[in-house]
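Input: a single structure, listed below in structure tokens.
As the structure lists them, so they are numbered: ligands from 1, and atoms in each ligand from 1. Count residues from 1 along the sequence. Here the structure is a predicted model, which means the values were calculated and not measured. All values below were derived from every heavy atom in this structure, side-chain atoms included, with hydrogens, water molecules and symmetry-related copies excluded.
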Amino acid sequence: MAITNHRLTPEAYEENFRDIHPPFETRDAVLVEANRCLFCYDAPCTKSCPTGIDVPKFIKQIATDDLRGSAHTIFIANIMGGGCSRVCPVEKLCEGACVYNLMEETPIAIARLQRYPTDQAMQRKWPLFTRKPSSGRRVAVIGAGPAGLSCAHVLSREGIDVTIYEKEAKGGGLMTYGVAAYKVTPEYCAEELNYILSLGGITIQYGNELGKDLQLEQLRLQYDAVFLAFGVGLARRLDIPGEELEGVVDALRFIYSIRTDGFPSVPVGDKVAVIGMGMTAIDAATQARRLGAAEVTLVYRRTEAEMPCTEKELEIARLDGCRMHWLAAPEALTGADGRVTQLRCRKMELGPPDASGRRAPRPTGETFTLDVDMVIKATGQMPFEELVQDAGLRHRNGKIDSATHGLTSLPGIFAGGDCVNGGKEVVDAVQAGKLSAVAILEYIQSQPPRPAVGPIDPSIPDHTV
Ligand code: SF4
């Protein structure tokens, strides 16, 4: 057993990572699907979208050949509506709420329809939004992920000059770095980012990390408001013996390298165990298989009824040949020559519900062992507790405390997205950014104009796009 890269031919990598949600092939196919929509008055699809996209309206606009209008309807609610059409778990959101489900018929393919006008808008660079003249007010945003970009776009439309500080070399956050490549490509993420920035008034300074390259106090002095959208960090520790062995890796790191280094460069084991059953766990497991791992086993301490991923995600893992070990909790990792070789698990059973409302797993006293050469940890991400603590923000175990619409315990400092909720969907982050932008605008308008300030601290390296 060994962890190696370059396992497959270039053709096999291309085949394994091609778009899992291909667009409609013809305009006629789009129109047929759009005309299936019943344009429901109370639109449960819209109510179930965290950003409240007016689904019947954008579908009607497609059906009447108003593609610009349709793209605008989507983007005004969700500026990352194109990306979300690829990565949203629509089966538990809009498509899961479609009335066709009640008639036991296939729901409207809302995500594929949403992709049609948004793709056209981005490819043809339609200028669907205009920016008001600059008000001279400035806002700093920390993090160029979905929450930060969504907030920046709303603010810029209102004439606010926005500077985004991003620690990575590219924008897009988890969309760019943390999602399976067969759902959304890095190239699409770059295109989406460029479309958002084409509005003007938004500058991104890459390679700037809060707490290292810049300090919150410094930003408070230089800007009218600050929006924190720095997400969450790496995977939670398993806190079991052997966790430091070679071959035990973090799921987000693994996915990050797939998205940045290229498929052939990423090493993967023959026998891989993935701990967890959320979307990130599924993305890691399926991609390990698609990189050429012979066996991939997902290990989860509860049952299918309690898993955080959707049925559709589980189906992808099953079709990729991944195996599931339900009611199993990792107990220890053992190895030889410093490399992981075995994962011992405790067999679990379900007891009464815990604080989450789900039945709590408890050990049965039995164990079993899996032969492994790679273990991927995917049991949720850790908040940046030290960073939040050092900044003097009130928090709960590292998750920033924020009132409705993002105001934190510090005046003029707002926060939203994963750094507040601990990690939800991209669409939730987009909505948090949007709502926070509204609150930031209200806050700025209630404050006297700041005296003109000089250039931003020249010690901050300028990697402006
Ligand atoms: Fe159309 Fe389904 Fe939404 Fe009704 S619930 S408006 S049929 S997409």
Is Cys40 close enough that one of its N/O/S atoms sits under 2.8 Å from atom 4 (Fe) of ligand 1?
-> yes
Could you tell me which atoms of ligand 1, counted from 1 in the order shown, lie closer than 4.0 angstrom to a heavy atom of [X]?
X      : result
Val99  : 2 (Fe), 4 (Fe), 5 (S), 7 (S)
Cys45  : 3 (Fe), 5 (S), 6 (S), 8 (S)
Ile110 : 8 (S)

Contact check: Cys98 to atom 1 (Fe) of ligand 1, N/O/S below 2.8 Å | no
Centroid-centroid under 6.0 Å between Phe129 and His72 rings |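 Judged by ring-centre distance (under 6.0 Å), Phe129 and His72 do meet the cut-off.
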Taking the six-membered ring for Trp, are the ring centroids of Phe75 and Tyr195 within less than 6.0 Å of each other?
->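 Yes, ring centres under 6.0 Å apart.
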Among non-hydrogen protein atoms, atom 7 (S) of ligand 1 lies closest to Leu38 N, 3.4 Å
In the protein, what heavy atom is nearest to atom 1 (Fe) of ligand 1, and what distance, to one decimal place, separates them?
->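 Its nearest protein heavy-atom neighbour is Cys37 SG, 2.4 Å.
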Main-chain N/O of Ala273 paired with Thr297 side-chain donor or acceptor, under 3.5 Å =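 Not a single qualifying donor-acceptor pair exists.
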Quick one: do Thr163 and Gln205 satisfy side chain to side chain donor-acceptor pair (under 3.5 Å)? Show the steps, please.
-> CA-CA 7 Å; Thr163 303; Gln205 295 204 359; 5.8 Å; no
Pairing of Asp283 and Arg290 as salt bridge, 4.0 angstrom limit =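 Between Arg290 and Asp283 there is no salt bridge, as every charged N stays at least 4.0 Å from the carboxylate O atoms.
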Do the rings of Phe414 and Tyr443 sit parallel, tilted or perpendicular, given the 30° and 60° boundaries?
-> perpendicular
